[in-house]
Each structure stands twice: as C-alpha cells, then as structure tokens.
Amino acid sequence: MSRLDIERGVVEMAHGSGGRASAQLIESLFIRHLDNAWLRQGDDASLFDVGAGRMVMSTDAHVVSPLFFPGGDIGSLSVHGTINDVAMSGARPLYLSAGFVLEEGFPLAGLDRIVASMARASREADVPVIAGDTKVVERGKGDGVFITTTGIGVVPEGVHISGDRAEAGDMILISGHIGDHGTAILSSREGLEFATAIRSDSAALHELVAEMVNVAPEIHCLRDPTRGGLATTLNELVRQSGVGMQIEEGAIPVRAEVRGACELLGLDPLYIANEGKLICICPAGVAEKVLSVMQAHPLGRDAAIIGKVVEDERQLVTMKTVFGGLRVVDWLAGEQLPRIC
Amino acid sequence: MSRLDIERGVVEMAHGSGGRASAQLIESLFIRHLDNAWLRQGDDASLFDVGAGRMVMSTDAHVVSPLFFPGGDIGSLSVHGTINDVAMSGARPLYLSAGFVLEEGFPLAGLDRIVASMARASREADVPVIAGDTKVVERGKGDGVFITTTGIGVVPEGVHISGDRAEAGDMILISGHIGDHGTAILSSREGLEFATAIRSDSAALHELVAEMVNVAPEIHCLRDPTRGGLATTLNELVRQSGVGMQIEEGAIPVRAEVRGACELLGLDPLYIANEGKLICICPAGVAEKVLSVMQAHPLGRDAAIIGKVVEDERQLVTMKTVFGGLRVVDWLAGEQLPRIC
Amino acid sequence: MCLAVPARVESLDRAASTAVVNLDGISKEVSTLLLDDVAVGDYVLIHVGYALERIDPEEAEKTLTMFDELKGVEP
Amino acid sequence: MCLAVPARVESLDRAASTAVVNLDGISKEVSTLLLDDVAVGDYVLIHVGYALERIDPEEAEKTLTMFDELKGVEP
Amino acid sequence: MKYVDEFRDGDKARRLAELIRTEVNPEREYRLMEFCGGHTHAIFRFGIHDLMPENLKYVHGPGCPVCVLPAGRIEAAIELAEAEDIILCTYADLMRVPAGRGDSLNRARARGSDIRMIYSSTDALAIARANPERQVVFFAIGFETTTPPTAAAIQIAEKEGLSNFSVYCNHVLTPPAMRHLLSSGEAHIHGILGPSHVSTIIGSQAYAGCCNDYQVPLVIAGFEPLDVIQSTLMLVRQINEGRFEVENQYSRAVSQTGNRKAQALMQAIFEPRAMFEWRGLGGLPDSAVQIKAAFHAFDAEKRFGMQAIDVADIRGCICPAVLRGVSDPVDCKLFGSICTPEQPKGACMVSSEGACAAQYSYGRYRLGGKSEI
Amino acid sequence: MKYVDEFRDGDKARRLAELIRTEVNPEREYRLMEFCGGHTHAIFRFGIHDLMPENLKYVHGPGCPVCVLPAGRIEAAIELAEAEDIILCTYADLMRVPAGRGDSLNRARARGSDIRMIYSSTDALAIARANPERQVVFFAIGFETTTPPTAAAIQIAEKEGLSNFSVYCNHVLTPPAMRHLLSSGEAHIHGILGPSHVSTIIGSQAYAGCCNDYQVPLVIAGFEPLDVIQSTLMLVRQINEGRFEVENQYSRAVSQTGNRKAQALMQAIFEPRAMFEWRGLGGLPDSAVQIKAAFHAFDAEKRFGMQAIDVADIRGCICPAVLRGVSDPVDCKLFGSICTPEQPKGACMVSSEGACAAQYSYGRYRLGGKSEI
Ligand code: SF4
Ligand code: SF4
Ligand SMILES: [Mg+2]
Ligand SMILES: [Mg+2]
Ligand SMILES: [Mg+2]
Ligand SMILES: [Mg+2]
Ligand SMILES: [Mg+2]
Ligand SMILES: [Mg+2]
Ligand SMILES: [Mg+2]
Ligand SMILES: [Mg+2]
Ligand SMILES: [Mg+2]
Ligand SMILES: [Mg+2]
C-alpha cells in the first residue's frame, strides 16, 4: 500500500493537503510506527474508558535544534517531555497525542527515524500515542519538524502534588546529575561543536514518580528542571509557594564534562536544561525515605538532597558556594548563550 | 507586573528560554487572556475531576496563512478545530490544551490579538484552555504563530459514533454551505487577493452535535469536512466503513461567491476546506428528524440531505451531476491550487 | 485547456490598463492590455488575470435561442 | 573580562595551526595561531577559540605551595 | 453566474441529448475529437458521455498545455533552478508534471529551489520588481490563449527596463497540431470540437484550411456542458449531411478574425519556432513560438544558455497515443494502479484536463477495482 | 579540571580569608579595585566578599568589554545591519546590551536583521566563506585578550582574499583606562587586582609605570576564587607595608613580557586610535586601536562609511560612576526595579561581569525587597 519513497523522498506540500497524499503519509509512516487500535481506527478523536477520579492534562511544544542529538531526538524527547509533565503531578500517564508541523523538503527518512524513536519511547513507557495530526509548511517557514505532544493521566488517591505546596522546612531533592541534556544539545549545535561522551538524559520519569509517591504520598512538589535548568525551576516553585530556598553547591550532582563545557562556554550548569531529572520537595521527615527509593531506581541512582525550603518574604533561592560564600540563584535572564566575558 | 511592551514589542528568543522572559510573556499575555484557575496555578499539568465513562482525545496542529482572515484567525480556529474533532465522536468537549510555536520577531500585538480571540472562542464554547506551552524559534524557522490544540471530552451513554459505522442505506447530511472557510483564506492569500463578502465559517459545533445526538443517539458517523473538503472527507468515511456513497450535486449547498471564486481559480467547491460544518451519516429512518434539529440550530440552518450510503466494493463516492450525468468524487490529489487549464 | 470565465466589468483604470471585474460577488483586478474599448457593464472572459475577449450578449442570446428547438423533445 | 579556561592539548595540526584540546572530557578544536611551539600535553588558556598562552606547571606549583603558609591557620 | 449557469441547465442538456440520439445514424460510428482538455474536463466533470448514444464516442485530443510539454523542458527548468540562484515562477498546473526519474517542479521546490506558483504573468513581474538582486524566470506554457499575457509581460518588462526578468517560452500553436493529427489519420476522427478560448484569440477562420484539406467538420465549442452537447449535435448534423465546415457554436466570444490586439502583441514579441517537440506528437515544424531577437534579453533560454534535455519515455505510459487520440487512458496498463493523480507517471494524469486524470478522477465509476489511497 | 579545581578549594579559601582578617589593620579601610569584570563575577559567584573583613571593600572597575562600549557604537551597528544587506556577526555577550531607546542587537535581529552570534572570529570567517555574495561584518569588541584573535581573522581574510569580510573594530586598551582612573583619584583606591588574561598578552611590566606614577600597588590576579583571595592578601600586605609594586599572583599564565607573537600580530594589523569614547570614562586618547591603512578593505567603518552616533545617557542610570568605581550598583535608583538583567537599562546590568548584573543576580540576598519576575 505504501507509495511513499521513505528512503529518498522528502516532505511535500501535498503531504499536508488533507488529501490522498496526507492519508498515505499517515498510513505508511505514522501509523506503521505508532501502531495501535486508536490510530488505526482513523477517527477525528480517540475513545477510551476512565474510572471516576482526578485526571491531569499537560502539553509541550518541542522545537529542538538539532533534531537528532546524542542520547535522543525530537521524537523520544516529545514523548518523555510530556510524560514527565504529567508525572510531575504525581499522576500515572495514560495517553498521548502528537501534532506535527513538518517543513516542506524535510527528508522522509529523517521523519521515519523520528517517528520510530517516538514509537519506541512510547512503547517503553507504555503510554500510547492515540491521536495525532500532521501539517506541512512551506520551506523556510518551519525548521524540519516541530512536535507538540499532550498527555493525560490519573492521579492516585491521596496524592496532592503542586508547585504551590512547598513549605519552610521541606527538603529539596534532585534525582541525578544536572545539565546533561543541554550539554548534549550544545555539543551538536552548529558553530559550537565540541566532542564529548555526554548524552542527553532524556527519559520518562513516571515509573520513578510512581515509586516515590507510593512510599511518600505526602510529597509536596515535583517538577522537571527542563528549559532554564535547576535554577529557574526552583525560582518558579519559590514564586508559586511564596517561600525561599537554600541549596548547597557542593551537594548538587554535576558531571565533570558538563562543568567543563560550562567553563569553556561561560555557562552555569544550574541553568542548563535537563530532560530526565526531577526536583522533589517533601517534608523533612520523609526525605531520606524518598531519597532511598530514588537511589534504588535506575533513573534516580545519583539522587541527592540539595537543600531546604525556608521562609523568605523576598522569595529568593540562595546557594551556599563550595567556599562557604552565599549567592543568589536567580531566574535565567534572556537566553542561555556562550559568552566571551 | 507586566514588563511586556505589547503595543510595540516583538517576540524575542528570550521569550522561549524558559527563564524570566518566558514567565513574563505567559503571565502578562497568555494568562491575562485565557485566565482560569488551572493556568493561574502554574503547574506542569492541570488537574480536573471526571466521572467514570468513555472519554475522547483529539489534537490538531494549526498553521493557517494568513493568520488573520475574514471571519476568524488562527486563535479562534485552533479552538474551534479541536472542539469540533472532539464533538465528531458525539462527545461533550471538556478541556483544551494549547502549544504555541512563535517565530522570533512576530509582533506581540498580533500575538495578543490571537490569544484574545482564542480566549473569546474558548469562553463562548465554554471549553477552557487549561494547559499550554510556548516555544520560540529563530526568525525564518517558523511562520509567525503555529498553535497545536488538544481536546478531551466525554461521550454520552448510548452514543457510538465512528467513521467505520456507515452502512448501505444510511443518509448523508451536511450542516450547511460548503467552501466558505477555504474561500475566505484564498481571498486573503498573498498574490491571489480577490474581494468578497465571504467569511470563514469557523465555529464550534459541539452544541449542535449535542442536540443531534440527543434526538438521534443512533447517528453512525459525524465528521467535519476540513482540509480536503467534503469530497475527501466522504472518501475517508467510505474507506473506513468499506461502503460506497452516492451524492447529488444539486442538493449540496454552495454559496454563489464560493462557486464564483472556484470558477475563477479552477477549483472545485467539493475540495474547499470548511471549519464550521459537519457531515452526518445516520440511518434513513432518523434522517428527517436529525435534519430538523440541525435546521433549527443557527449553525445548521442550511443543512441538507445530500446523498446516501450504498454498497460498493470499489469504495467509490459518486455524484449525480445537475445534468443527470454521473462522476466520481475522488480524494483530493496533491494540493488544491489555482489552475490555468 | 485555457480556463477562462466571464465576469462583469465593474470599474476601469484606463491609465493602468486594469479593470475590476465581478463574478457572483467575487471582485478581482485584471489587466485590460489585450482589449480595447472595454466598458463598465461589459462581460469579459478572464484568463490568467487578463481580459481576453468581450462576451457578445446578442450572440449569447442567439445561442440560447437555439435551445428553443428543444421544446417538445422529451428527455 | 576575557573568559579563558585551561585545557590540555591532545593533538596538533601544525599545517592548519589548530589543536584539539580537552577539558574534563570536552574536546574542542582551537586555533594555535597566537602561540609558537605548543606541544601535546601542554595546558593552554582558551579564549574565543584561540590558545592564548601556555600554563606554566612549575609556576602553578609554586602558587599552590604558597597556600602551604595556610597550615595552622584555623578558618 | 451569468453566461455560465444558462449553459449548465441539466434539463436542456437531457433534451439536447435526446435530440442527438434521434438524429444519429445507428448504423455508423461518430468519433468526435474534443481537441481541448477543457472539453475533456467538462465531459467527465458533468458526465456528458453518459448522455450520449453508444455509437458516439469522444476521442481526447492534445489540447492540454501541460500534457503536451515534453519532460525534457521541465527537466531543463529544474536544472536551471538548481544551478542558478533564480526565482522560477510558473503556473501551478505545471508543478506536479513528471520530469525525468519521477522528478517534478514540486519536488525540486521541496529540495530547496526557489520555485513560486503564480496566477498571472503580472505576478512574475511583481516578483522581479520586489527582488531586484535576483534573476526571475517565468516558465511560460500554453496555447494561443495564454501567449498574449506572456507577450504583455515581456513588453512591460522592456518598458520598465526590468533587467532581472526573463521568460522560458514554451508557447505552442493549435493549428499545426491539428493538421498533424488529421494528416496522420490514425485517430479516425469524424468531427472536431474546436477550441473555445484559443479561438477567441485566433478567430474561427484559422481552421478553415484544415477542415478543407482533411475534409473534417469542426465546430468551435464553448466549455460549458450545453455548449459541448450543442456542438456535438452540430457536428452530428454536419457528418450526417457530409459537410466539413467550420461552424462557431461559441459565437458569444469567438469572432471570425479573433482578437487583433492580442495577435498584434504576440507578433511584436514572438516569432515562429522552426521546430518544437510535443509530448506525444514529436517534433512539429512551426508549431510553437520563440522570443524575437529584439527581446533576447528577456529570453531565459538565451540568457542562461539553456540546453534541450532528452528524457527517456516512461515505460508503459501510452500518453503519446492518448494525446494523438489513438488510445484511451484505460488501455494503459499503468492506469489507476501504478499511475494515479497522486503519483502520476505521465503528464496526462496530472492536469484535470488530462485525459487520464479526467478519466480517473471523474470517470472511474465505469471501471472495476477497489479504490485505494 | 586541572588548574581550575585546585584554585576553588573552599577550605583553603577560608584559611586564606582568616589570614587576611588577621593581617588587616582594623583602623583603616582597604578599597581594592577589581579592574576586571572577571574578578567581579568571581567575587559574586563564589561569595568571596562574605569571607572578607568589614573594612576591606572590593570596588568594581571598568574591565568589562561590553560595559564600556558606548551605546552609540551599538546603535551604529544596528543602523548598518538595517541599511545594508549584511550579515552582522558578534559575540553573544553583546546581543542584549542596550543601545538607544531600549533597542539592542537582539531586538534588531528579531525585527529582521541578519545578526548572528559567533563563538570565535574564525566563525565569522567561515560565514563569509559560505556567503560569498553577501557582506559579512564582524562586530569586534574586547580588551587586549580578544584583540589578537581579531587580528588573526583579518590576516587570514587578507591571505585568502576574502573580499566580503570586514571588522567593526571596538578593541580597547587596558593601561590607558587604568591611568585615567588613577589620575582622577575619585575612586579612592588603595590597591588594584590586576587583569589576568589581558596580562597574558601584554605582560606584567605593562603596569609598572602606572603603579609608580600613582603609588598604588597592583597584583595581577587569576580569575579563580583562591587567586582572588590570595591576591587580596598580597595587596593587603603591600598596603600594610607601604609598597606599590606590580606583583604577579597569576604567574602560571602571565610573564613579564607577555605573548610576543600575539603582540606582533596586533601591531601588524592595528594602530592606536587617537581618541575613543568609553562608556563611563568619556573620550580617552590612545585608549583603543584601529585597523591600519594597509587593511582598510577590512575596516567596516571605512567600507560602509559608518558614522559615530550620539546616544543620550539613560536617565537615572549611574553606570558611568559604577564603571569608575565611584558608585556601587545599589546606589542606583533603577537597580532591581526598572533595571534588571531581563530588561537592562544600562550596560552594567547585562554581562554577568557587569557590576550591576553580578550584584543583582548573585548578591541580591544582601538586600531587601521581594523578587519579581
Ligand atoms: S495512465 Fe498514466 S502512464 Fe498511462 S497513459 Fe495515462 S499518464 Fe501515461
Ligand atoms: S542598575 Fe541599571 S540603570 Fe542602574 S547603574 Fe546599573 S545598569 Fe545603570
Ligand atoms: Mg507541559
Ligand atoms: Mg515540559
Ligand atoms: Mg515541566
Ligand atoms: Mg487533524
Ligand atoms: Mg529552515
Ligand atoms: Mg484532530
Ligand atoms: Mg480537525
Ligand atoms: Mg476533523
Ligand atoms: Mg511546558
Ligand atoms: Mg517567515
């Protein structure tokens, strides 16, 4: 049935026309990889049963450049990213949808690789992509592939996780080394190329979260420190909860390569993006228990307690430097760009 | 709090950095318009309660050019489009999410207008946007604004609507004049400009659908004939259900202006996009009842029965021309482009 | 071949050799470079943005009259 | 001002006046146009993609030794 | 739509068809060539053939500009667009026409060439004005209907001194093609539905010699369905009466002498081309025009030294025979299986005027086989 | 990280600080100017000031290349990028620096100018090679550290005959600025933390005259926190002992004579500029370099006839005083309210080396007021 020349073909405007070419692209590429009963059904909306309870919904647009990077690609990233946002409410992710914006001229072989990777990530996470849409824009009006994914999930009984629940006295945990994703992206960005063994940490964290909320349903906040990094995410939580935070520079896990890349480019690991890490804020009484569960899970092996929530009407995140000095850890200002001074 | 110069400012890369500039854009523009408790909450995922039952999920990426057109803009369109896809399963839409991809340099005033329009559409439809995300791409790697919306809804008891349920003997109904949206878009497309009073039919059809399934829960299929138009959508249904269809050219409502524009550009109204119309396929016994309900609703005033489902192992849509001749109504091939011959 | 449609001349810009024509509520600017003496109210054939030729109303009428020979024919 | 970091020279391309340097697992090609006689194993200061100057290991050692005067100081 | 709707009256169509059925001689065949793709399109879109008696058959002719353009000339345009930093402008109809090896302007565009679809030659001028630092080439195709607008564009460019504008001229002439078809006699044609809009420019007298020389009747026929049916009746009557005249059914737009102003403009800019290759018909002498020496600055073939490119025929595609009226699309083994409007192998499967595309998109109900996406 | 981690040892830092506390004379003040933004950054990022005794105060100097660049020169670059079809390349640091009326290179880029961030002058050359049909202008800034790489790029461009490459030269010299500061005496400085990386190029001897003439001690200090603290101790000792010598704490990278090869390259390409305007310091004679006449083809100011643009000072911004060591960022009424790193009013709020940005981003815990987004 496939009339697509996936090996040598490119995305053409007709693939977004809604006509026969669109149908061919969807059947021979998207459904072939993401195969499930919902997509095969081919309706405008996909149906599923739910029990009564609390659900969550989350969406993320993915526009990463380059599309393929060490440790992942936009396909796997778009699955992990949204699963993680759903999981950060303590929820069990159920289903995903995916909206593609393709640029005319993008190689079908590249698209095939991306969708295959997406399908693999979805299978491994056991969260199917049940609805999708594809549009094509003229060359020069897109950037290869953009993928917006949306996820829904159910929140277990007794779990109430939200960014506004951090309280003075809570402990702050991070699930592992920071900055891997952003460093991997930087290493493969045009004009900046450097060689490193660092790979993106892109991963679906919902199973780790499930174990954490299982032992400690009283967790107050979870959040994945993506764009803007650990620093910005802590500032978001501080703002939502109206508290302050104090963290310890020495307690934050950072790989040597990430520090190296940051020194070279004048960046700060605290602001580098992560795609497979989470920040957990929980009452001090359960912090050690949560930490053990995290460290026992492959995605939390290097988890650490990095600080605590404090009262602070100025709503600052401060950090004790390895010197014993103190500094503010502010929101990311502008973009995170290499500097010369 | 707003530090955005909405009147004169433009989208900058920093607005997508995830840092303070992103937070400012979200607070002073997105949340200001789309204001609701979920967005104000500011978590990665938004929480809501559901009862046990059947839900649906649907997503659409919106990339319309121009962004503003007679009768709507990408903001209202992205709300209507996804509400409609949810409604085409017979479901009552509950919530929407929206993922924005903004091009560096796009005027904030334009974005403000789009988001305001989106908020208006969402309020009028009573379907809130509860989750969102915004990314910024470099100038020349996007086209102003892309919006991917996802919707979820609940399907009433006893309703089983799907594209594979068309049966020989069923009647085919259309909710009104075809081709208005596509014609409005064409009229404002660069290099093709023509003047017309035609406006996009962009509208949320869920209330119309609710009344239809209320009187006739036995409706077999509903679908909105968007990209590819009536012709392509009927072909989709034919393929899903493994049937044939026969329609009557003379029964299909088409405005004079739409016919005029089509003659001028060598197009066929059957392939022109609609954004506020639906096709209904139902058992012949309830067709008149459904038609009356449709005609009684403002969005179905010009509804008509346009043909019937037949057995046809060739799976063709055929049309009796106003001449009494017969022709195939095929899928859209390639793109719908003006022709000279 | 050669898609062309009859549209009514609504206004003329003789200096620019353009006309605005109307086709059932669709107005479009076309070139009149290929036609002398176009007048408002004329119907002209539009092809690739140019007015190709005037429609002769009398000849059209004549053609339609020929259909009258159909009277009495039962389809 | 003038962000510069010390990195170890891993390899040299004398014809192109470039070197590959390594900083804790990060390898990067830099220009050696500003330095004569760079050798593999040298530590050089990297600024805007150029090797600015060699780090003198003995002087570094000396500086570190000066910290020995800290012995006995209680912080 | 005035002058349109009156000519689409289904009731009158059925009465006219009935008249034809009563007038045809059941003992003989009527093979009427619709020269123009416009007629082909009308016949299939409105289902006219279903109204005709069994022994009256419409035979498709070569009157579709994109169908008769040889693949090599599209290939040459693609090569130019890829070799030089030009903006190539063309009518959308051409975008999907197969060049060699499954290539097309559409694919070249997707690969990165700056190829823009325009609605009018004036759009190409506007693009040239807006991009003074780049060369803008208008890939022009069409019969005598579409030639004057191209001539007008060159005239304007010359007046404005628009030095970055040129035309890749592929305009062809109708009468030579018609003569060629009739002279070969392979199509066994008893009458011709003559071009409607070409004739508005060249006038009805242009066909007189042809009809006389080959003793074939011709009726210049409008493109609306009633025009086609009425012209069919007129042809049936000529055939029955043994006449071979030029008759003009489309007298509301076509005069005997045509549009003199447009003719003069064409003559000012263009001159006959000694030889031009047609898809299907081969090289025909004096069957096309080229830009006169005085306007060589606007001739893309001269400016860029474009060379003719030979593209091998597509194996199994019988377009050439279809365009000569010798075969029917359904005779082609690739029709509807390997070759569809979505993935056309031959040019006739692209334009909705192409005989294969019209047959596939509108006439497939007459054939068997499941419809695939 | 070898040669980095050893110099970030917190324990040693506390011991060194303890030593300083024991050695300072509690009766007097120690105002030490960190000339370089690199030191400013280290002081705030690592929280060094918290380790120092109350009577020892770091005073910020003008050693941040983006901070001292007058808004008019950014404005001129924006005008050029908007007027001509050029590719403007620059270090990312410059992108957010305020030009006039709230404008910046970032905003000009968002409006449509082709402004590209580069990591190295070699990237600008690569862009020029890849875009032979367009002019590529490298907006170069920096002190003596960053000047040789620019000189290298011009030398390469000349060798390659890269005729579409030019440099908008804004390189400035350290010693004249230092002399200017000391001569005015307004900053009341008792000692100077001398530039580290500038000194790798110009050598430690470059400051000898300065120290002598103004009787101020100077210690060339590395940028790592232990370097800064150790240098502070060395300054305290000189002050206590009444010495005013040039000492070199950063001897692992800085020699007495500096990098002769880099110096020769600079001299080959550049010559002193009679007068250059510094933000904060005003016009200083012989305080900057310009491209020699032999290389005028590569001088964007010459090639495009760029004119100096006068941009009014930002009302309320005390950057000039901050850069002269006369005022502290917190003395500015706009600090943290109207002026933040997100929406900087003055240049000192942009670079993380800028005194205001460093104070705001790292040192705000010392101040009151709720943190806003
Ligand atoms: S069906 Fe296709 S391959 Fe066959 S003749 Fe027609 S165009 Fe050629
Ligand atoms: S805080 Fe801002 S306005 Fe005030 S001196 Fe610093 S840069 Fe200038
Ligand atoms: Mg999200
Ligand atoms: Mg996310
Ligand atoms: Mg998140
Ligand atoms: Mg869709
Ligand atoms: Mg692109
Ligand atoms: Mg959808
Ligand atoms: Mg839809
Ligand atoms: Mg739909
Ligand atoms: Mg998000
Ligand atoms: Mg664009």
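Chain naming here is simple, since letters A, B, ... match the order of the sequence lines and numbering starts at 1 in each.
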Looking only at the aromatic ring of each residue, does the gap between the centers of F:H197 and F:F143 stay below 6.0 angstrom? no
Salt-bridge contact D:K62-D:E59 (side-chain N to carboxylate O under 4.0 Å): yes
Do the side-chain N and O atoms of D:S27 and D:N22 include a donor-acceptor pair separated by under 3.5 angstrom? yes
Let me know if D:L52 has heavy atoms under 4.5 Å from chain F in its side chain, its backbone, both or neither. both
What residue, out of F:P149, F:A264, F:A262, has the most heavy-atom pairs lying under 4.5 Å from chain D? F:P149
Heaviest contributor of heavy-atom pairs below 4.5 Å to chain D, chosen from F:I118, F:T200, F:D9, F:N259, is F:N259
When D:V30, D:L34, D:L64, D:V44 are compared by non-hydrogen pairs under 4.5 Å with chain F, the top option: D:L34
Report the residues that fulfil salt bridge (charged side-chain N to carboxylate O under 4.0 Å, His left out) with D:D37, sequence neighbours left out, ordered by chain and then residue number. none
Choice from F:I156, F:T22, F:I201, F:L226 maximising heavy atom contacts with chain D below 4.5 Å: F:L226
Heavy-atom cut-off 4.5 Å, strictly under: side chain, backbone, both or neither for D:L23 against chain F? side chain
Do the side-chain N and O atoms of F:Q249 and F:D227 include a donor-acceptor pair separated by under 3.5 angstrom? yes
Tell me whether D:E29 contacts the main-chain N or O of D:V20 through its side chain, where contact means a donor paired with an acceptor under 3.5 Å. no
One option among F:Y91, F:Y119, F:Y3 has the most heavy-atom pairs under 4.5 Å with chain D, and it is F:Y3
With chain D, the option among F:Q230, F:R260, F:E6 that has the most non-hydrogen atom pairs under 4.5 Å is F:Q230
